[in-house]
Amino acid sequence: GKGAVTIVPLDPTGAGLGAMPGPLEGNLGDGGEPVNLESVFMADISIWKDGQHLQLAEGKMATLVFPIPDGVASKYKVDDTIDAWSFDLVKGRWDKEGHGVVAASPDDPTKLVWIAKAPHFTWWNCDAYWGYQTMQCYNVTVHNGQNLLANQWVTAVGTSYTGTSQPAVTNTWG
């Protein structure tokens, strides 16, 4: 019989970043330090048959076509390349495995997609990367004049970063 394909998409421009299999941290394969990743789109792609997780035959490739979300589409144009990363469940890190190309969507020519070849099934991620030196952390206190405010939602919104941060809730010290 045939296998069943499962695809679990995750649009990182939305609220779903908590569903990622691990941090947005990648290995370039050059023995250097890990890099931070800025995800465009990711999906877990699996094929199952009789309770068994199947893989592609040696030397075979699958074609991945991921939508580029509207929130980041303005950064890309047709024929741009964006790196392809697969998630290593043992190391808990993304590994760079080539790249994909931006194209017009076959379903809607006003939208963009990313097309890449994959030698195996797992979590795949269409990502840009940058070094740790650009990461910044902020400690924020929320108050209304003299009073510290507990239980307030705080979310960072970047001016040059297209992803989202995880929201946090203030404690009793604001």
Side-chain angles (χ1 to χ4, degrees), residues 5-47 53-137 155-166:
V5 176
T6 61
I7 300 172
V8 181
L10 193 146
D11 176 352
T13 64
L17 279 180
M20 291 185 310
L24 283 172
E25 194 174 82
N27 174 21
L28 291 171
D30 60 3
E33 289 293 313
V35 295
N36 290 328
L37 302 174
E38 181 178 10
S39 183
V40 176
F41 197 87
M42 67 180 77
D44 180 23
I45 303 167
S46 302
I47 296 186
H53 184 240
L54 303 179
Q55 277 296 343
L56 289 167
E58 186 70 30
K60 298 293 182 184
M61 301 288 267
T63 300
L64 306 177
V65 180
F66 287 179
I68 295 182
D70 291 341
V72 296
S74 65
K75 292 177 61 174
Y76 301 101
K77 64 184 183 322
V78 170
D79 295 329
D80 281 352
T81 60
I82 306 171
D83 291 332
W85 302 75
S86 67
F87 193 75
D88 185 317
L89 294 168
V90 174
K91 292 187 290 185
R93 186 174 291 155
W94 298 92
D95 290 324
K96 184 179 172 191
E97 291 202 50
H99 66 274
V101 177
V102 176
S105 169
D107 299 324
D108 180 350
T110 67
K111 304 283 185 182
L112 296 174
V113 295
W114 174 79
I115 303 170
K117 297 288 187 184
H120 56 92
F121 297 119
T122 187
W123 275 95
W124 281 94
N125 202 347
C126 167
D127 280 293
Y129 67 90
W130 66 92
Y132 280 119
Q133 66 275 11
T134 62
M135 184 179 244
Q136 297 178 1
C137 297
T155 302
V157 179
T159 57
S160 62
Y161 172 67
T162 55
T164 58
S165 71
Q166 294 295 322

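What you see is a predicted model, and the numbers here were worked out from it, not measured in a lab.
Considering CD of Glu38 and CG of Asn125, their distance stands at 11.0 Å, rounded to 0.5 Å. Between the CG atom in Asn27 and the CG atom in Asp95 there is a gap of 5.0 Å [rounded to 0.5 Å]. The line from NE2 of His120 to CD of Gln55 is 7.0 Å long, rounded to the nearest 0.5 Å. In this structure, Cys126 SG and Leu64 CG are separated by 10.0 Å, a value rounded to the nearest 0.5 Å.
Between Leu56 and Ala62 the shortest heavy-atom distance is CD1-N, 3.6 Å. Taking each heavy atom of Ala116 and Gly100 in turn, the nearest pair found is CB-CA, 3.7 Å. The minimum heavy-atom distance between Val40 and Asp127, with the atom names listed, is N-OD1, 4.4 Å. Heavy atoms only, all atoms of each residue included: Pro12 and Ser39 are closest at CG-OG, 3.2 Å.
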Practice prompt. Carefully, step by step, assess Met20 and Trp123 under the rule side-chain contact (heavy atoms from CB on, under 4.5 Å).
Written response: CA-CA 9 Å; Met20 291 185 310; Trp123 275 95; over 6 Å; no
Which donor-acceptor pairs under 3.5 Å do side chains of residues 65-72 form with protein atoms, sequence neighbours excluded?
residue, atom, partner, partner atom, Å
Asp70, OD1, Lys111, NZ, 3.0
Asp70, OD2, Lys111, NZ, 3.0

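In this structure, the side chains of Trp85 and Leu28 come closer than 4.5 Å at one or more pairs of heavy atoms. Using a 4.5 Å cut-off on side-chain heavy atoms (C-beta onward), Leu37 and Met42 make no contact. Phe41 is listed as a side-chain neighbour of Asp11, based on a closest heavy-atom distance under 4.5 Å. The shortest side-chain heavy-atom distance between Val78 and Leu112 falls under the 4.5 Å cut-off. Using a 4.5 Å heavy-atom threshold, the side chains of Thr63 and Ile115 count as touching. Counting heavy atoms from C-beta outward, Asp107 and Val113 have side chains that stay 4.5 Å or more apart.
Under a 3.5 Å cut-off, the side chain of Trp114 and the backbone N or O of Ile82 do form a donor-acceptor pair. With Trp94 contributing its side chain and Pro23 its backbone, the two residues share a donor-acceptor pair below 3.5 Å.
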